[in-house]
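A short write-up of the structure that comes next.
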Amino acid sequence: MSPLAAPFILLARAWQIGPSRILPPSCRYEPSCSAYAIEALSRYGALAGGWLALKRLLRCNPWGGCGHDPVP
């Protein structure tokens, strides 16, 4: 994991611990977007992992897909 990715991973973990537990579940993909972001950032670093996480967040909408979508 790159040192630049650590703050973004902490942000995703904070989402999992905080607002995600209060809001009703609405994930369209498996794994969830926050878990996907953490794995992508850990595996590819801040730049490439952040890009993958952003693309995933943009796909996560009512007109997007659903189902199993692992980190490449």
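Predicted model only: the values in this text are computed from it and were never measured.
- Leu23 is listed as a side-chain neighbour of Trp15, based on a closest heavy-atom distance under 4.5 Å.
- With sequence neighbours left out, Gln16 forms a side chain to side chain donor-acceptor pair (under 3.5 Å) with Ser34.
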Hey, can you pull the donor-acceptor pairs under 3.5 Å for the side chains in residues 65-72, sequence neighbours left out?
from  : atom 1 : to    : atom 2 : distance (Å)
His68 : ND1    : Glu30 : O      : 3.4
Asp69 : OD2    : Arg59 : NH2    : 2.4

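- Residues Ser2 and Gly45 come closest through the heavy atom pair OG-CA, 3.8 Å.
- Residues Pro3 and Pro7 approach most closely at O-CD, 3.5 Å, considering heavy atoms.
- A continuous path of ILVMFWY side-chain contacts below 4.5 Å connects Trp51 to Leu58, so both sit in one hydrophobic cluster.
- Residues Leu57 and Tyr36 form no side-chain contact, since every pair of their non-hydrogen atoms from C-beta on lies 4.5 Å or further apart.
- The two residues Ala5 and Leu41 come nearest to each other via the heavy atoms CB-O, 3.8 Å.
- Leu47 CG: 12 or fewer foreign heavy atoms inside a 6.0 Å radius.
- Within the structure, the salt bridge (Lys or Arg N to Asp or Glu O under 4.0 Å) test picks out the following pairs touching residues 40-50 (sequence neighbours left out): Glu39-Arg43.
- Residue Phe8 places its CZ atom among 12 or fewer non-hydrogen atoms of other residues, nucleotides or ligands, all under 6.0 Å distant.
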